[in-house]
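Step one of this worksheet: look at the structure below.
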Amino acid sequence: MRQIKLYTAISLDGFIARTDGSIDWLDAVPNPENIDYGYNEFYGTIDTTLMGYRTYEQILDFGGDFPYPDKKNYVISYIPQVGTDFVEFIHEPLAEFIPQLKNRAGKDVWLIGGGRLNAKMLYNGFIDQIILTMFPVMLGSGIHLFEGGDGEKLFELRETRRFPGGILQLIYDRKE
């Protein structure tokens, strides 16, 4: 069965973006060697992305070509949308769609976010692994990693990686 992996950058105070969705703070830590923090390795393990509608809009606002043209891309939207060359909009409840997605043949699924979708996925027990790349930046406010939701979920630390500039990557597996 495929796994759903939340792979994201996070500030020290638990935010994945500024209140307006901006991720410009990721450039606050100098990266003269252009280290990808394991991104290319991770990207090779997935063939599908899953994101919320606001995250999708933010990606489009970056300009340029759609960044995941070689993947199957799903956008969760509760307002009917017309698909594009690269994106299929999902309107059905997560409880129906996600089990079907996990049971399809293929590589793992990248949960891109945002915070509200992350919370829904977490509290419904759909996230199998969380990969957090923590930047030594305090934002003070913004979009939390998990916006809303309640309940307790237990994960087990599998691995830590250190990168220049004080960046730390934490890899957690869901504890059964």
Side-chain angles (χ1 to χ4, degrees), residues 2-28 37 39 42-43 45-63 66-68 71-84 86-104 108-135 137-155 169-175:
R2 305 163 85 176
Q3 289 195 332
I4 295 184
K5 298 180 177 186
L6 171 58
Y7 178 95
T8 192
I10 188 170
S11 67
L12 279 177
D13 49 354
F15 298 105
I16 56 174
R18 295 189 189 281
T19 304
D20 67 359
S22 171
I23 56 171
D24 62 338
W25 55 273
L26 293 173
D27 296 326
Y37 310 115
Y39 175 80
F42 171 78
Y43 196 75
T45 69
I46 59 116
D47 64 4
T48 304
T49 72
L50 181 66
M51 67 191 87
Y53 187 75
R54 288 188 343 186
T55 298
Y56 171 68
E57 285 184 318
Q58 189 67 35
I59 288 170
L60 294 181
D61 284 346
F62 294 151
F66 187 75
Y68 320 114
K71 308 296 182 189
K72 178 68 177 170
N73 302 287
Y74 295 104
V75 174
I76 304 300
S77 174
Y78 299 106
I79 299 170
Q81 306 286 334
V82 176
T84 71
F86 299 115
V87 171
E88 182 177 337
F89 292 93
I90 301 301
H91 312 294
E92 65 188 278
L94 290 177
E96 294 174 19
F97 176 71
I98 298 301
Q100 295 171 13
L101 178 63
K102 289 182 82 165
N103 283 315
R104 292 180 192 155
D108 291 331
V109 177
W110 176 13
L111 173 57
I112 295 175
R116 289 189 296 183
L117 180 57
N118 292 347
K120 288 177 185 175
M121 293 289 291
L122 177 70
Y123 296 113
N124 281 293
F126 296 137
I127 298 176
D128 300 295
Q129 187 175 74
I130 299 173
I131 304 167
L132 299 176
T133 305
M134 187 176 297
F135 281 67
V137 176
M138 299 289 280
L139 296 179
S141 65
I143 299 171
H144 285 280
L145 175 61
F146 299 104
E147 288 278 320
D150 57 12
E152 186 174 308
K153 298 294 178 188
L154 189 59
F155 282 77
Q169 190 171 75
L170 307 167
I171 302 172
Y172 292 94
D173 292 327
R174 184 179 67 214
K175 201 163 182 181

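Numbering of residues begins at 1 and proceeds along the displayed sequence.
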Member of Asn73, Thr84, Thr49 meeting the side-chain contact (heavy atoms from CB on, under 4.5 Å) criterion with Tyr56: Thr84
Of all the heavy-atom pairs spanning [X] and [Y], show the shortest one and how long it is.
X      : Y      : result
Gln169 : Tyr37  : NE2-O, 3.0 Å
Gly140 : Asp13  : N-OD2, 2.6 Å
Val137 : Ser11  : O-CB, 3.2 Å
Ala9   : Leu26  : CB-CD2, 3.5 Å
Phe89  : Ser77  : CD2-CB, 4.1 Å
Leu122 : Lys153 : O-CE, 3.4 Å

Under 3.5 Å donor-acceptor, Lys71 side chain and Ile46 backbone: yes
For the backbone of Phe86 and the side chain of Tyr68, can you confirm whether one donor and one acceptor N or O come within less than 3.5 Å of each other? no
Separation between [atom1] of [X] and [atom2] of [Y], rounded to the nearest 0.5 Å:
X      : Y      : atom1 : atom2 : result
Phe155 : Leu170 : CZ    : CG    : 13.0 Å
Leu139 : Phe15  : CG    : CZ    : 7.0 Å
Tyr43  : Tyr7   : OH    : OH    : 12.0 Å
Trp25  : Asp27  : CH2   : CG    : 10.5 Å
Ile23  : Arg18  : CD1   : CZ    : 11.0 Å
Arg54  : Ile143 : CZ    : CD1   : 5.0 Å

Could you go through Ile59 and Met51, starting from their C-alpha distance and side-chain angles, then the distance that decides it, and tell me whether this counts as side-chain contact (heavy atoms from CB on, under 4.5 Å)? CA-CA 10 Å; Ile59 288 170; Met51 67 191 87; 3.7 Å; yes
My understanding is that only one of Asp128, Asp47, Asp108 makes a salt bridge (charged side-chain N to carboxylate O under 4.0 Å, His left out) with Arg2; could you say which? Asp47
Got [X] and [Y] here, is their nearest side-chain heavy-atom distance under 4.5 Å?
X      : Y      : value
Leu145 : Leu6   : yes
Val109 : Lys102 : no
Thr8   : Thr133 : no

Mind checking what makes side-chain contact (heavy atoms from CB on, under 4.5 Å) contact with Lys72, not counting sequence neighbours? Thr48, Tyr74, Glu88
Mind checking what makes side-chain contact (heavy atoms from CB on, under 4.5 Å) contact with Leu94, not counting sequence neighbours? Ile76, Tyr78, Ile98, Leu117, Lys120, Met121, Phe126
Tell me, which pairs form a side chain to side chain donor-acceptor pair (under 3.5 Å) where one or both residues lie in residues 90-100, sequence neighbours left out? none
Trace of the side-chain contact (heavy atoms from CB on, under 4.5 Å) decision for Leu101 with Ile90: CA-CA 11 Å; Leu101 178 63; Ile90 301 301; over 6 Å; no
Exceeds 12 heavy-atom contacts within 6.0 angstrom, atom CG of Leu154: yes
